[in-house]
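Written below as structure tokens is the structure these notes are about.
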Amino acid sequence: MKIILTEDAEQAAEQVAAVILARLAAKPDLVLGLATGSTPIGVYRRLREAHARGEADFSRVRTFNLDEYLDLAPDHPQSYHHFMRVHLFEGVNVPAEHVRFPPSQGDGLLARCEAYELAIREAGGIDLQLLGIGRNGHIGFNEPTSSLASRTRIKTLTQRTLEDNARFYAPGEEQPVLASTMGIGTILDAREILLQAHGAKKASAVRAMVEGPVSAFFPASALQLHPRVTAFLDPDASRLLTLREYYGQAATYSRRLRTEGRL
Ligand code: F6R
């Protein structure tokens, strides 16, 4: 896993957005796997701004979101459909028919989860997957003990995840306990993965993801099995890493080789 130690969350967002824009320039029909939550908001703002400046054309891009709450209507303010509309899709030109979410309404959910997997494969697979990380190590809504080979399916959210997300719900408002999510196997199939973590509350999760054993009890540790993951960490999120200094040095040497055109 490549570790990038950033000065702050803003610099991380700048760097992640720059990678996405570079991949888009190289492949106009890029297939993006998208995350929601507070972590990617700065990245999405930069993509909207790049599009507004005429620097990024999303007309051939296809997107697959990681997850969605079960039974929240797409226009519900806490739904991930709504989140994506507000933070990204209203400000870029991804055609509506290129935007996909795992199934979250109605019946036949498992068959439709399989259809979601098929749609990803038919699109040629995900080129670039964005991720955040939950304090309990979830990626997407793959909660602890999710199979490391799991595919898109319905998951029950843990108490910890419900507590972490309770801030978005009004007191007394019903909070969904179920969600559909890409599996860990689905995520690991992406060609490249960019993960961001910001803030002290993510520090122990980041340590377990980067330096802990690979374990279904800590789903993000599965990313150690992927050959092309970059984690962008702000100082608070990286502060518990045992080899923090080494990661900084490694990034400097790799930048030097790249600048010298030797990679
Ligand atoms: C969201 C998702 C989750 C979040 C994670 C972190 O689509 O899949 O895994 O990335 O819960 O959430 P934030 O960014 O709000 O800290």
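Worth knowing before you read on, the calculation uses all heavy atoms, side chains too, and leaves out hydrogens, waters and symmetry mates. Both ligands and their constituent atoms are indexed starting at 1 by order of listing.
- For ligand 1, the atoms lying closer than 4.0 Å to a non-hydrogen atom of G37 are 14 (O), 15 (O).
- Q196 and H198 form a side-chain donor-acceptor contact under 3.5 Å, judged by distance and modelled atom types alone.
- Heavy atoms of T36 found under 4.0 angstrom from ligand 1 belong to the backbone as well as the side chain.
- Judged by distance alone, the side chains of N93 and R60 never bring a donor and an acceptor atom under 3.5 Å apart.
- Nearest protein neighbour of atom 16 (O) of ligand 1, counting heavy atoms only, is K202 NZ, 2.7 Å.
- Of all protein heavy atoms, the one lying nearest to atom 10 (O) of ligand 1 is G132 CA, 3.4 Å.
- With ring centers used as reference points, F101 lies 6.0 Å or more from F64.
- Between Y69 and F141, the angle of the ring planes lies from 30° to 60°, which puts this pair in the tilted group.
- The ligand atoms of ligand 1 that sit less than 4.0 angstrom from a heavy atom of L66 are 8 (O).
- Geometrically, ligand 1 and D67 share a nitrogen or oxygen pair separated by less than 3.5 Å.
- The main-chain N or O of L157 is never found under 3.5 Å from a side-chain atom of T161 such that the two would form a donor-acceptor pair.
- The shortest contact between atom 6 (C) of ligand 1 and any protein heavy atom is with I133 O, 3.4 Å.
- By heavy-atom distance, the residue among K201, H138, R135 lying nearest atom 5 (C) of ligand 1 is H138.
- Closest of all the heavy-atom pairs between M182 and I126 is CE-CD1, 3.6 Å.
- A donor and an acceptor atom, one from each side chain of T158 and N136, are located under 3.5 Å apart.
- Shortest contact from atom 14 (O) of ligand 1 to any protein heavy atom: T39 OG1, 2.4 Å.
- Remark: the S180 side chain and the E68 side chain contain no N/O donor-acceptor pair separated by less than 3.5 Å.
- For R167, every heavy-atom contact with ligand 1 shorter than 4.0 Å involves the side chain, none the backbone.
- Residue-to-ligand polar distances place G140 within reach of ligand 1: an N/O pair is separated by less than 3.5 Å.
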